[in-house]
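One structure below.
Every chain is numbered from 1 and lettered A, B, ... according to where its sequence line falls, protein lines coming before strand lines. FYI, side chains are in, hydrogens and waters are out, and symmetry mates aren't considered; it's all heavy atoms of this structure.
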Number of protein chains: 2
Amino acid sequence: MQTDTLSAAFAALADPTRRAIIARLAEGEASVNELAAPFDMSLPAVSKHLKVLEKAGLISRGKEAQWRPAKLEPMAMKSIADWLEQYRRFWESSFDRLDGYLQKIQKADDSGRGN
Amino acid sequence: MQTDTLSAAFAALADPTRRAIIARLAEGEASVNELAAPFDMSLPAVSKHLKVLEKAGLISRGKEAQWRPAKLEPMAMKSIADWLEQYRRFWESSFDRLDGYLQKIQKADDSGRGN
DNA sequence: CTCGTATGTAACTTTACGGTTAAATAAAGG
DNA sequence: CCTTTATTTAACCGTAAAGTTACATACGAG
């Protein structure tokens, strides 16, 4: 398991089950049983997924009697969004404009292919 | 390796080396040797990382003589950005407003804890 | 054709991931 | 106290990831 926070967040979201859990939690807190319901998967497996999400800072766990409801922690998602933001221009510009932009910023970087 | 495109993209970006490669490619195309230079890692290892990025649709490879320069493919990053977008309100709202919002949308979803 | 450069493939190792079942822990409620 | 419900921990398994070294392939230049 990676230690840096961005890697952990990306890795956590790489699993469709965990993304589905996130989607469910966007509608509000939920217990492990509630979260596990949609999945054809044992409870411990879901519990593990929650632990991954928690370590990645994507969720936090509460405590109410014997329940430990999970809830979204937005900041880890924000750090991914922030990371992505620096590349937004690559998909938002038209390809032509992007090519122009790249050629421009590459003028300085014109050190040939040799290594 | 996951087959769905979003999982593959998240997984690919979960590795710091691959994110560094992406960062480098944001400045323009580069050969494997150029990309490998900053890393204390064998060339085949970098080649593998490129293959992961390519399978995830994050980069594409060209062919110029014996070089196979890599370049960014923005659309895979866009699909991650789009996925994240649906959660933006969670980190952009103030926590108070968010709580209010959540309580509102949870009225319908008020099925207790039992399972 | 041969050499050097650039890159990819094969085989292997170590470690992590995602799942399982069985048992343990925690808390509420008769 | 004993039981039920909710959840976690432990031990295990199979597969995939990330790296290595050694070898193979591709191409241009002499």
Side-chain angles (χ1 to χ4, degrees), chain A residues 1-4 6-22 24-25 29-56 58-71 111-115, chain B residues 1-4 6-22 24-25 29-56 58-71 111-115:
Chain A
M1 194 177 294
Q2 305 273 11
T3 55
D4 74 287
L6 206 45
S7 296
F10 272 119
L13 294 176
D15 187 292
T17 301
R18 288 193 290 259
R19 287 199 305 277
I21 289 173
I22 293 283
R24 168 62 186 80
L25 291 178
E29 297 192 4
S31 70
V32 178
N33 262 290
E34 288 172 319
L35 291 171
F39 302 110
D40 182 23
M41 189 183 295
S42 71
L43 233 32
V46 174
S47 189
K48 278 190 185 181
H49 281 306
L50 291 177
K51 182 148 291 183
V52 172
L53 289 168
E54 188 181 10
K55 276 197 179 176
L58 287 158
I59 67 168
S60 63
R61 309 294 304 272
K63 185 171 288 191
E64 289 180 32
Q66 68 257 228
W67 295 278
R68 293 177 185 79
K71 90 170 194 223
S111 52
R113 273 283 139 50
N115 195 17
Chain B
M1 194 176 295
Q2 305 273 12
T3 54
D4 74 286
L6 207 44
S7 297
F10 272 119
L13 294 176
D15 187 293
T17 301
R18 288 194 290 257
R19 288 200 305 280
I21 289 173
I22 293 284
R24 168 61 186 80
L25 291 178
E29 298 193 2
S31 70
V32 178
N33 262 291
E34 286 171 319
L35 291 171
F39 302 110
D40 183 22
M41 187 183 297
S42 70
L43 233 31
V46 174
S47 190
K48 278 190 184 180
H49 280 306
L50 292 177
K51 182 149 291 184
V52 172
L53 290 168
E54 187 181 11
K55 276 199 178 174
L58 288 158
I59 67 168
S60 62
R61 310 293 305 272
K63 185 171 286 190
E64 288 180 33
Q66 68 256 229
W67 295 277
R68 292 177 186 79
K71 91 170 192 219
S111 53
R113 273 284 140 48
N115 194 20

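- Interatomic distance, B/Thr17 OG1 to B/Ile22 CD1, rounded to the nearest 0.5 Å: 12.0 Å.
- Rounded to whole Å, the distance from CG on B/Leu53 to P on C/dG8 is 12 Å.
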Under 4.0 Å protein heavy-atom contact, by nucleotide of nucleotides 25-30 of chain D - B base, S sugar-phosphate only: -SSS--
With a 3.5 Å cut-off and sequence neighbours excluded, list the donor-acceptor pairs that the side chains of residues 37-49 of chain B form with protein atoms.
unit_1  : atom_1 : unit_2  : atom_2 : d
B/Ser42 : OG     : B/Ala45 : N      : 3.4
B/His49 : ND1    : B/Arg18 : NH1    : 3.1

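- Contact check for A/Leu35 versus A/Leu25: side-chain heavy atoms found under the 4.5 Å cut-off.
- A/His49 has no side-chain polar atom (N or O) that falls below the 4.0 Å cut-off from OP1 or OP2 of C/dC17.
- Remark: the backbone N or O of B/Ala14 is paired with a side-chain donor or acceptor of A/Ser7 at under 3.5 angstrom.
- In this structure, B/Arg18 atom CZ and D/dA18 atom C1' are separated by 8 Å, rounded to whole Å.
- Note that the CD1 atom of B/Ile21 and the CG atom of B/Leu53 stand 6.0 Å from one another [nearest 0.5 Å].
- For B/Leu13 and D/dA17, the CG to C1' distance is 16 Å, given to the nearest whole Å.
- Here C/dG18 presents its P atom at 11 Å from CD1 of A/Ile21, a figure rounded to the nearest Å.
- Regarding A/Leu50, its CG atom lies at a distance of 15 Å from the C1' atom of C/dG19, rounded to whole Å.
- For the atom pair CG (B/Leu13) and CG (B/Leu58), the distance works out to 5.0 Å, reported to the nearest 0.5 Å.
- The closest donor-acceptor contact from the side chain of A/Arg61 to the backbone of A/Arg68 lies under 3.5 Å.
- For DNA chain C, the neighbouring residues in residues 41-48 of chain A, judged by any heavy atom under 4.0 Å, are A/Met41, A/Ser42, A/Pro44, A/Ala45, A/Lys48.
- In this structure the side chain of B/Ser31 never reaches within 4.5 angstrom of the side chain of B/Pro69, judged on heavy atoms.
- The distance from the CD atom of A/Glu34 to the CH2 atom of A/Trp67 is 10.0 Å, given to the nearest 0.5 Å.
- The CG atom of A/Asp15 sits 14 Å away from the C1' atom of C/dA16 (whole-angstrom rounding).
- Of the listed nucleotides (D/dT7, C/dT7, C/dG19), D/dT7 has the atom at the smallest distance from the side chain of A/Arg61.
- Whole-Å rounding puts the A/Lys55 NZ to D/dT8 C1' distance at 14 Å.
- Following rounding to the nearest Å, A/Ile59 (CD1) and D/dT7 (C1') show an atom-to-atom distance of 13 Å.
- A close approach under 4.0 Å does occur between a side-chain nitrogen or oxygen of B/Asn33 and OP1 or OP2 of C/dT7.
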